[in-house]
Each structure stands twice: as C-alpha cells, then as structure tokens.
Amino acid sequence: MNSRSAAERRERLAELAPDRLAEVEADDDGDDGPALPDLPNATAGEVTMRVAPNPNGPWHVGHARMAAVIGTYKQRYDGRFVCRFDDTDPDTKRPDLGAYGAILDAIDYLGFTPDEVIRASDRLETYYDHARDLIDAGGAYACSCPQAEFSELKNAGEACPHRDKTAEQTHAEFERMVDGDYGEGEMVLRVRTEIEHPNPALRDWVAFRVVDRPHPRETAADYRCWPMLDFQSGVDDHLTGVSHIVRGIDLQDSAKRQGFVYDYFGWTYPEVVHWGHVQVDEFDAPLSTSTLSEMVADGRLDGWDDARAPTLAALERRGVRGEAVVAAMVELGTSTSDVELSMSSVYAKNRELVDDRADRYFLVRNGERLPLTDVPAEGTPPVHPDHEERGRRSIPVDGAVCLESDDVPTPDGRVWLKGLGCVRRSGDRLVGTDDGIEAVREGDVPVVHWVPDDGVPVRLRTPDGDVTGRAEPGFAGAAVDEVVQFERVCFARVDARDPAVAYFAHR
RNA sequence: GCUCCGAUAGUGUAGUCCGGCCAAUCAUAUUGCCCUCUCGAGGCGAUGACCGGGGUUCGAAUCCCCGUCGGAGCACCA
C-alpha cells in the first residue's frame with residue numbers, strides 16, 4: 001500500500017470536505033481487500049440471510065464461505081443471521097448427530113453468532129400444512145409413477161395420468177403418505193408447474209417423498225414423509241423472513257422451481273445471489289463431506305480436527321484464526337464463476353494477526369547431535385525480535401547441540417548458532433570461533449537454529465503428517481493454546497504438554 | 001438433447017450497468033535489493049491479465065454478434 005499518498009489524500013480531504021472524511025474512515029475501518037458487492041435491494045435493518053447446512057458431516061474450508069459472507073453482510077446491513085439445518089434426508093445424506101454442534105462451533109470459530117437456529121426436522125408439521133394448502137390451491141398432485149417412467153414423460157413434455165387428479169384424491173393420498181401407508185417409491189407429491197416448460201428441470205418436480213429409514217434425531221424418527229429441499233427450503237425462507245439468499249450455481253434452478261410454489265401462495269421471492277464452487281488449492285484430496293466422514297470413520301484421520309484434514313476444526317486447532325478465513329473468503333467475492341482459494345492467502349492474513357504475539361522458540365526436527373566446545377554457557381536469543389522489552393530466552397549449552405541435518409555445516413564450514421555465536425565444524429564436532437556478527441553480515445555464514453542436547457521432545461502435527469523434534473527447554477513453559485513461532489520452521493499452536501504436541505499453522 | 005450461467009496476471013479481485021480519466025486496482029504468489037543473529041516482520045522495486053474473431057464508435061476490458069473454452073441443472077440428494 002502507498003500509505004503515504006493515502007495519508008496525503010486524507011489530509012487534503014480533511015481540508016476540502018471534512019464530513020466526507022468520516023465516511024471514508026468508516027469505510028476503511030477494519031477493511032482489507034475489496035469489499036463484497038452490495039446486496040440487491042437491501043435496506044439496513046431489513047436484511048435476513050441464512051446458512052442452510054445439511055449436518056451430515058463437519059464443515060470444511062469451503063463451507064466457511066457462506067457463513068463468512070452472510071456474517072459480513074449481517075454486519076453491513078445490521079441484519080439477521082439464521083442457521084437452518086436442512087436435515088430432511090434421513091437416508092442418502094443422512095445427518096450426523098455430532099455435526100449439528102460441530103457446525104455451530106465452526107460458525108462461532110469464524111466469529112459469528114446466529115440470531116436464530118432451526119432444524120427442518122423439527123418442522124415437518126409445518127411443511128405438511130403448507131402441502132395441504134398447496135393441494136387446495138391446485139398446486140400439487142400425488143403421483144405413483146415409477147421414477148423412470150415419469151422422467152421419460154417429463155422429458156417429452158407430457159403429463160402423467162395422475163396430473164389431473166382431483167384435490168380430494170390427492171389429499172387422501174398425501175395423508176396416507178404422512179401416515180406411512182406407502183413404501184418408498186410408491187407415492188410422491190408433485191408440484192404442478194408447467195409440464196411443457198422449456199426447461200425440463202422445472203417440470204412438475206417432487207415436493208415430498210417417502211423414506212423408510214428413521215431420521216437419526218429421536219424427535220423426528222417417526223416421520224416417513226419427507227419434503228424435498230426445494231419445498232422445505234422455499235417454505236422456510238418465506239416463514240423465517242429471509243430477504244436475501246446466497247447459494248451455489250448448482251441451485252440455480254431452485255429459485256425458478258420454488259417460484260411456482262411462491263406464486264400459488266402469493267409470496268414474494270427473496271433476492272438471490274448465485275456463486276460458483278470453491279476449490280481450495282492446498283487440498284486436492286476430495287473436499288466432500290462424505291469422504292471426510294469415511295476417513296474419520298475408518299481411522300485414516302484421527303478426527304475431524306486432524307491436522308491433515310481440510311476442515312475448519314483442523315484450522316482452528318492449527319492456530320489459524322477464524323478471522324483470517326473470513327477475510328480470505330470475503331475477498332473471493334460472489335462471482336458466478338468457480339473460484340480457487342489459495343490457502344496461502346489465508347495464511348498470509350493469519351500471519352499478520354498472529355506474528356506480533358507469537359513468542360519465538362527453536363525447534364529442531366530430526367536433529368543431528370554434534371559435540372560443541374569453546375562457546376558461552378548459554379544462548380540468549382530474544383523472545384520476539386521486534387520486542388526487546390519481552391526479554392531474552394536462555395538456552396543452556398552443555399557440551400553438545402542438535403541441528404537440523406540441512407543446517408549441519410560442511411567439514412570446516414561455519415554456521416552461526418542463533419543467539420549463541422559462530423562455530424566451525426571440525427571433524428564431527430563443532431568448535432566456537434571468535435567471529436563477530438560481521439561474518440553473518442558479509443553473507444559467509446548462515447544463521448541457524450539449534451537446541452541443546454536435552455531439548456523438549458515435541459510432536460509437530462502437520463497437514464503432511466507428523467514430525468518429531470526437540471524444542472529448546474523454555475518451550476516447556478509455553479501454554480496450551482498459545483500460538484508460537486518455531487524460528488525458521490513455522491508458526492504453530494501449542495496443543496498439549498507432557499508430552500508436548502504442537503500443530504503446524506503455516507510458515 | 002433441452003435449459004441456464006460465466007470468462008481480467010499463478011491465484012483471487014477492482015473496473016463492465018452509465019464507452020474516454022484503464023498502456024487496467026489491490027491482495028496473494030514468485031523474485032531482486034535494503035534492513036535484520038529466522039526462510040517471520042518491515043522498507044523499496046520487479047514479474048504477470050482484459051478468451052478469440054468480427055461489428056458499432058473519433059474512442060471498447062466496458063456495447064452488439066459469432067465462435068471457443070469452462071461451469072451448472074434436467075434425482076423420490078442437499
């Protein structure tokens with residue numbers, strides 16, 4: 001940033017138009033990167049948005065986008081944030097009871113608090129009531145066509161024999177669906193749209209179907225007649241006062257489908273923004289929730305917050321702040337084309353957030369032990385190079401040190417042991433030299449980190465697997481949950497003590 | 001096949017509605033130098049893009065047409 005010219009501009013503005021300055025400042029506040037585009041037809045105080053996750057697994061990084069964007073809009077428009085669990089498929093995308101809470105935790109991690117949390121599986125009676133109203137309005141009919149047969153008719157633009165059924169008969173059959181009198185596939189309730197609509201995706205879609213498998217939530221386990229997403233979501237959006245919907249392009253036709261229901265009811269459809277899919281560059285492994293769940297179930301991952309997992313829980317455990325994730329997501333904007341998120345931009349933002357507070361420690365991975373003589377009794381590197389006032393560490397040297405193998409000098413070569421001094425390799429040992437720091441400044445001697453022979457064993461859990469190493473003795477004093485920097489290695493979050501475990505955040 | 005949608009540097013984004021101030025913004029990435037006892041932080045640079053072709057116009061990233069490429073839906077999944 002050219003902060004100088006920005007400052008100049010500000011100064012000029014202060015002279016020319018003092019009230020305009022306030023706006024600019026407010027605009028600038030906590031705002032890095034381009035802001036999200038304004039919502040269409042949005043009025044402050046009258047914006048309600050929702051995240052509508054299916055709780056069939058933990059949230060991965062991609063899921064953060066919706067919450068991040070909605071949460072940001074909530075702040076901009078002083079709006080409402082609804083979290084609605086769309087858990088209406090007890091079978092193929094079966095909800096996971098642990099995921100409800102995990103998703104709320106993820107939203108909290110990102111720094112947002114929903115104004116309202118609802119579960120579709122609590123609301124079946126509401127959907128039934130609306131189905132009955134829809135039938136009364138002539139907007140739905142019960143259909144017992146086998147799926148493939150209907151599909152053929154539909155693609156040809158032809159009505160099935162059930163389409164002209166009376167409302168009375170449909171009512172009767174729908175009540176039998178509700179009562180569980182039909183088996184799976186025997187009867188559905190279809191919305192009567194336009195069977196010759198140019199877009200085949202909109203023709204007489206299914207609103208309710210029968211699912212035999214009980215819902216995992218006990219309170220919903222007795223229901224067999226389940227609404228499809230487009231019906232349930234359409235009704236709920238209206239009932240919860242949703243003013244603006246953000247959703248993926250895969251749901252592009254949803255608004256049009258639901259439009260038929262809205263028309264029957266005389267409702268006004270919310271504003272809709274569609275966006276493309278997000279890929280995350282670092283995780284080429286499939287980001288799908290079901291894959292993740294499988295990997296956790298069969299032990300390939302230690303849990304949803306395994307350092308190798310692309311989940312928000314894992315990022316949290318690694319010491320990446322939700323704020324950094326939100327900032328990166330907001331920068332992605334809401335374009336309809338698919339986007340790829342670079343984790344490096346999340347990490348860059350996190351580094352900014354965390355660097356100033358992160359105390360420095362040495363961690364040597366897979367160290368090589370080298371006897372060391374003719375050096376001071378201890379090394380005293382600063383706790384933080386930009387904050388001398390935080391003091392210096394004290395790392396005792398007792399006859400030997402460990403270095404990372406890449407840092408071991410060639411025979412007769414020199415390295416500068418950070419915070420200690422220059423040493424020269426002599427055979428298999430290191431011997432202190434009387435070189436001053438100029439040796440480093442001249443570029444002849446690399447500065448390396450090191451630990452004494454009896455460093456603290458640390459397991460560093462990284463996205464690429466675990467690494468073991470030893471940290472300087474002072475690391476034993478680092479508190480759990482603290483984010484530290486292992487100099488020249490990475491930022492990491494202290495996860496456990498005795499034995500010490502740290503989670504790799506980023507370089 | 002039918003119906004939608006999109007295309008700016010490695011990545012993301014601003015600008016596109018209302019054509020000129022855009023030889024195109026910012027961030028990230030990569031990289032050079034300075035500083036530094038970190039490969040962190042900081043400072044100063046560099047690299048790198050308007051999908052193609054026509055048209056309209058004095059003037060097009062922006063408007064129009066064609067093409068190409070990419071994405072989505074046409075589920076009793078969400």
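In what follows, chains are A, B, ... by sequence order, proteins preceding strands, each numbered from 1.
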Which residues within residues 195-207 of chain A lie with some heavy atom under 4.0 Å of an atom in RNA chain B?
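Those residues whose heavy atoms fall under 4.0 Å from RNA chain B, taken from residues 195-207 of chain A in numerical order, are A:Pro198, A:Asn199, A:Pro200, A:Ala201, A:Val206.
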Does anything in residues 86-93 of chain A reach RNA chain B, meaning a heavy atom under 4.0 Å, and if so which residues?
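Under 4.0 Å from RNA chain B: A:Asp86, A:Thr88, A:Asp89, A:Thr92, A:Lys93.
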Grab the N/O contacts between the protein and nucleotides 30-32 of chain B below 3.5 Å, and write none if there aren't any.
none

Rounded to whole angstrom units, what separation is found between the CG atom of A:Asp230 and the C1' atom of B:rG73?
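Atom-to-atom, A:Asp230 to B:rG73, this comes out as 11 Å.
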Now, which nucleotide makes the Watson-Crick or G-U wobble pair with B:rG1, with each of the two distances under 3.5 Å?
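Across any shown strand, B:rG1 pairs with B:rC74.
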Hey, can you tell me if A:Tyr128 and A:Phe174 have their rings parallel, tilted or perpendicular (30° and 60° cut-offs)?
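If you compare the ring of A:Tyr128 with that of A:Phe174, the planes turn out perpendicular.
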is_close_aromatic(A:Phe491, A:His506), centroid dist under 6.0 Å
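Yes: the rings meet the under 6.0 Å criterion.
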Residue-phosphate contact under 4.0 Å: [X] side-chain N/O, [N] OP1/OP2:
X: A:Lys154; N: B:rA75; result: yes
X: A:Ser151; N: B:rA75; result: yes
X: A:Arg209; N: B:rA78; result: yes
X: A:Gln252; N: B:rG73; result: no

Between the base of B:rU38 and the side chain of A:Gln485, is one N or O donor paired with an acceptor at under 3.5 angstrom?
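Between B:rU38 and A:Gln485, which were checked side chain against base, a qualifying N/O pair under 3.5 Å is present.
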I'd like to know if A:Arg224 pairs up with A:Asp212 as an ion pair, taking the criterion as any Lys NZ or Arg NE/NH1/NH2 lying under 4.0 Å from an Asp or Glu carboxylate oxygen.
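Result for this pair is no, no salt bridge flagged.
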